[in-house]
Amino acid sequence: MAESADAFEMRGIVQRFPGVLANDHVDFAGRVGEVHALLGENGAGKSTLMNVLAGLYHPEAGEILIHGQHVVLRSPQDAIANGIGMIHQHFMLVPNQTVAENTVLGLNRPRFFLNLRKIEEQVQALGEQYGLSVNPRAKIWELSVGEQQRVEVLKMLFRGAKVLIMDEPTAVLTPQEVEGLFVTLRDMTKRGHTIVFISHKLDEVVAIADRVTVLRRGKVTAASVSARGVTKAQLANLMVGREVIFKVDKKKAKPGDVVLEVNRLCCDNDRGLPALREVSFQVQAGEILGLAGVAGNGQRELAEVLTGLRCTTSGTMNFNGTLLNRHTHWLELGQQLAHVPEDRAAVGSVQALSVAENLILKRFNRPPISKGWSINSIAVKQNAVKLVKEYNIATPTVETHVGMLSGGNLQKVILAREISGHPKLMVAVHPTRGLDVGATEAVHKLLVEQRDSGTALLLISEDLDELMSLSDRLVVIYEGRIVGEMPAEGADIRRIGLMMAGTKAES
Amino acid sequence: MTNSALIALAATILFDAFVSGTPLLLATVGEIVSERAGVMNLGIEGMMLVGAMGGFAVWFHTGNLFFGLLIGMIFGGLLALLHGCITIALRADQVVSGLAVTFLGTGLSSILGAPYVGKRVPVPLNITVPLLKHVELQQVLLVIFGLVFALLVWYYVNRTRPVLNLRSVGEYPSAADSLGLNIQRIRFTYVVFGGLMSGLGGAVMSLITDPGWVDGKTSGLGWIAIGLVIFANWDPVRGMVVSYFFGLLRRLPLDLQNPALPLISTANNPSVGRFMDMLPYLATIFVLILGSREALRKRLGAPAALGVPYVRGEHS
Amino acid sequence: MNLPGTHYRLRIESRSNLPAWVGAVSAIIGVFLALVVGGFMLRAAGATDPIGTYIEIFKEGFGTPADWAAGLHALFTGTDCPKGMQCFGPFSDTLVKASPIMLTGLACVIAFRMKLWNIGADGQMFLGAWAATAVAVFLLPKTTPRPVMLAAMAVAGILAGMAYGVIPGFLKARLNINEIVTTLMLNYVAYLWVEYFVVVGPWSLGDFESTGRFPTSATWPRLTDYVKQIPVAAGLTAHPGIFLGIAAALLLTWILYRSRWGYEIRVIGNNPKAARYAGIDVARNIILVMGLSGALAGLAGMNEVAAQRELNGRFQQGLGFTGVIVAWLARLNPIAAIFVAILFGALLVGTQLIQPQGISSMLQGVILFVVVGTELLFHYQIKLEKAESTAPSAAEASHD
């Protein structure tokens with residue numbers, strides 16, 4: 001591709017958050033008609049930098065040029081007026097409004113009366129033009145994640161965005177959907193759009209990007225290098241600052257008795273629609289069963305059903321010889337059935353209580369923590385001191401509120417609490433999401449140790465790499481059904497991708 | 001009693017229900033809009049009280065009914081503005097701030113209204129309407145205004161563009177923020193609108209529907225409105241219908257004292273009155289029970305961001 | 001560097017762990033600010049001398065140092081108070097007023113701890129008063145020994161308040177019905193219920209709108225009953241009811257911070273999702289806590305009729321609402337609620353005689369406003385900082 005002009009340029013951007021220098025004099029530019037990947041680990045400052053370009057954050061220092069002109073972006077509206085649109089990782093769509101309504105949200109036209117019919121036609125036409133077909137009258141919550149992403153793109157195109165920032169757009173897509181997205185993106189660059197592609201996945205970056213900029217801890221470690229001229233290993237090194245170990249060190253599993261047997265399990269989601277449809281599987285002691293699938297196919301509901309947070313509509317769960325149902329006393333079962341929930345802060349911990357108090361969340365009702373009706377504060381403290389030491393939790397004191405801890409340390413608090421109860425079964429949902437490399441390795445090690453000590457693990461994750469390296473066996477879920485099962489070793493990632501997209505496994 | 005007399009009586013009762021339901025309607029519909037923007041204002045009772053007191057005082061001194069209504073409305077709006085400052089700008093708890101609005105409104109109206117207790121009241125203009133015979137012109141106009149108002153608000157929240165902004169800040173403020181909408185300004189606008197309507201509702205009470213000022217004039221009507229918002233499922237037209245129903249319940253103890261009523265007159269049994277007076281309150285609980293069944297079945301619910309202050313970056 | 005184009009802006013940052021004294025200081029500042037704001041409002045409402053009004057309120061609520069000195073002297077010398085009732089009279093009245101507020105305040109503390117907005121302490125208190133009256137006047141014989149009678153009244157008040165609290169609790173737990181609205185509606189039902197009995201109904205003494213004086217065994221003993229032993233106690237109406245409040249505060253403290261149930265309450269109050277995740281039965285706890293909250297308010301009602309010695313049509317509305325403010329000002333801390341309740345008792349006593357009426361309600365509103373409004377200032381740090389909108393200078397650029 002011929003050298004072309006810069007669509008935008010950011011110079012010397014500095015953005016600070018309490019205790020963190022998120023962007024430290026970062027330079028970044030995107031040419032007309034290119035896909036420029038912004039690569040970096042979680043917390044490297046990619047999203048921050050792009051939020052600056054989208055007008056959401058106002059940098060402490062630095063300047064922004066659009067087509068060579070200095071601009072000050074005071075708000076997202078300024079950014080959009082300058083042709084910059086951002087598609088956030090969490091979609092910014094109002095769930096109970098329609099596609100058309102979301103498309104015109106925040107615009108100054110039409111002035112007052114809303115002729116939805118006309119807007120729907122415009123949205124439809126625009127969608128056809130870019131190959132992004134979606135029903136403009138559908139409510140957002142009725143759409144799949146992939147469709148919602150299309151709505152986001154349409155929303156920005158409708159506003160005349162020339163520069164499109166996509167924050168981790170592939171995280172929620174199947175491998176096949178990712179292919180579709182890439183086709184659309186290439187088509188858009190041909191029409192003169194500039195795409196900023198934020199990711200931490202090397203394969204995708206090499207596949208789609210024209211140029212790559214790598215950020216590490218808020219600083220640029222590689223500025224606008226051509227994606228053709230670098231290897232994955234080089235990029236990884238630039239991103240992490242050391243060689244990345246892609247493999248988890250683990251011995252062969254020695255599966256024992258069946259700990260959990262799920263039989264034709266059904267349940268509804270929050271909207272009362274079926275989320276699980278006759279799901280059956282087993283987990284044995286001493287093995288890690290990985291559950292693969294695209295987000296929103298029933299994984300969250302499955303974890304909730306297994307841990308008593310959601311009622312089943314039919315089917316049975318047999319845990320270690322006892323049936324789990326709504327008569328189950330979950331508080332009593334808490335120690336044997338561990339759960340590392342998806343949302344550490346909102347579900348797994350009580351932010352306003354101390355580390356010590358969080359560490360007794362599942363054992364406050366039994367000795368030595370409880371003494372009759374009261375709670376033995378000495379035992380609470382002893383328990384906390386012991387676990388903080390054993391699990392290497394970095395906290396000033398055990399009285400510190402867990403809201404003050406970093407994500408990695410909060411996850412360690414939860415894991416310490418769950419593992420120290422010597423559970424028979426552990427359900428871990430996205431256990432490493434949002435953690436840095438060091439914390440991720442620590443969590444992986446803890447999970448494998450758990451397995452080796454004879455616990456049955458059900459690992460739910462959207463990260464296929466993590467699933468394939470940690471699990472002993474894999475099952476794939478699609479639209480609430482188990483669509484395939486295989487040993488993890490030597491599993492074909494393309495076949496898993498097809499299953500995740502709903503294609504029946506042939507065998 | 002003849003048939004035609006009975007029909008006339010029924011028509012009068014119905015008209016009275018519409019009249020006494022209108023203040024409730026104004027407050028309820030105002031609160032619906034405020035809550036759809038994500039701000040719950042539990043201070044309706046206080047805002048209605050200052051509206052009623054302010055409206056009455058202004059009328060008392062100027063003799064101008066319209067001016068009284070306007071000032072009553074503004075009084076309510078000012079209290080709502082205070083609630084907005086506390087909850088939107090300072091992000092304080094909406095429940096507690098709403099209670100504070102009620103305390104403040106009750107106290108202020110009691111202090112400032114002391115000279116007006118039991119004073120002369122506006123003289124209504126009687127007109128003759130078929131079926132109803134003599135009715136007050138102001139009441140007729142009020143009922144028409146209330147109906148038109150509720151329908152207009154319904155149209156506004158369903159068919160216009162600005163309401164997309166309103167709904168987005170109440171449902172998913174991050175989305176509104178990402179598009180550069182000023183969430184605080186939008187919320188302020190609708191909270192104050194709710195306050196204006198509560199104030200107007202109060203002024204309407206002290207000037208048109210039950211003329212006169214006494215301490216605690218609204219006797220819990222503002223709280224009933226909060227229940228009705230939930231039962232109306234945040235829909236203005238539904239809010240209108242239940243408001244009229246509660247107008248009927250509120251009038252019932254008075255209407256039933258009419259000795260002309262066959263069979264059900266309570267004229268000879270005054271102690272029943274206390275139980276009749278409980279009706280609106282018990283009915284509020286009852287409709288909430290009914291509504292909860294429907295909400296569970298249809299999975300309806302409050303605006304998702306109701307009661308949650310918006311802080312950029314603190315939402316996932 | 002202060003080039004043109006440098007501008008300042010506010011940034012709000014969450015503070016880390018707050019030291020315990022911050023809560024107390026912010027409450028005191030809140031009250032002080034509220035008094036200032038209230039002073040301006042009083043001025044606007046026509047009071048000529050707001051500061052004088054406050055001094056008056058304070059004197060009426062607590063008495064003056066001179067009164068106290070005279071009273072203490074009289075107490076130790078075993079003589080009469082030289083100023084009649086003035087020595088301890090104001091503080092005695094304040095304690096009388098404070099005891100129901102303390103109990104309704106604690107009722108709100110425990111409910112608010114679980115984010116249950118029980119605004120119905122008033123109604124629960126009315127029903128407690130009604131039930132205690134039923135026991136005292138219409139069920140037990142006049143000759144029942146005083147301790148038995150008072151205990152029976154307390155149990156009746158507690159049970160009635162509890163039942164009245166459990167109703168909205170049940171509706172909340174099972175049908176997810178907003179407890180704010182139901183508790184409020186039940187307030188009005190309770191007012192009318194009591195009104196029916198004492199004004200037109202079976203308990204009414206005709207035009208007196210009252211049940212008539214309770215038998216002595218159904219009333220709190222007052223300090224003035226011991227005037228023979230302590231001459232200075234003449235005319236003082238202080239009664240042991242205040243100890244019920246203090247005992248309840250101690251009990252709640254134990255429950256909240258030392259018991260398993262309290263741990264559950266705190267977990268639910270801070271994060272109901274985490275509570276369900278831990279296997280805690282949230283619905284059951286909603287009903288239990290609403291029951292306890294109602295019981296405390298019901299006890300307040302019993303306490304109040306035993307102090308007033310009759311149930312009449314003027315039984316005071318609004319003490320349950322004052323409880324909301326007491327709870328909030330005490331930052332949901334039961335021990336702090338004891339002191340806040342006494343402060344509010346003084347406010348109510350002090351404003352009783354002052355015109356215009358409604359001052360106490362207005363001040364309560366302002367205090368609540370200021371306290372919730374200033375919360376942000378204490379939980380967040382507001383920083384004024386410089387924002388560079390200019391390009392970094394050459395020196396800085398080369399430094400990188």
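Between chain A and the residues C:A278, C:A275, C:G262, the largest count of heavy-atom pairs under 4.5 Å involves C:A278. The choice from C:Y257, C:Y263, C:W254 that makes the most heavy-atom pairs within less than 4.5 Å of chain A is C:Y263.
A:I13 does not touch chain C: none of its heavy atoms, backbone or side chain, sits under 4.5 Å away. Looking at A:R366, neither its backbone nor its side chain comes within 4.5 Å of chain C, counting heavy atoms on both sides. Of the two parts of A:E357, the backbone and the side chain both hold a non-hydrogen atom closer than 4.5 Å to a non-hydrogen atom of chain C. For A:Q335, no part lies under 4.5 angstrom from a heavy atom of chain C. With a threshold of 4.5 angstrom between heavy atoms, A:I360 approaches chain C through its backbone and through its side chain. Of the two parts of A:A345, only the backbone, made up of N, CA, C and O, holds a non-hydrogen atom closer than 4.5 Å to a non-hydrogen atom of chain C.
Here the side chains of A:K362 and C:Y277 are in contact, with some heavy-atom distance below 4.5 Å.
The closest donor-acceptor contact from the side chain of C:R258 to the backbone of A:S374 lies at 3.5 Å or more, if one exists at all. Counting only distance, with no hydrogens or angles, the side chain of A:N365 and the backbone of C:R260 share no donor-acceptor pair below 3.5 Å.
Across A:V350 and C:A274, no two heavy atoms sit closer than the pair CG2-CB, 3.8 Å. Across C:R266 and A:L353, no two heavy atoms sit closer than the pair NH1-CD2, 4.1 Å. Between A:V347 and C:N271, the shortest heavy-atom contact is N-ND2, 4.2 Å.
Crowding of A:R300 atom CZ: a count of heavy atoms from other residues, nucleotides or ligands under 6.0 Å not exceeding 12. Annotation: A:L323, atom CG; neighbour count of heavy atoms from other residues, nucleotides and ligands within 6.0 Å is above 12.
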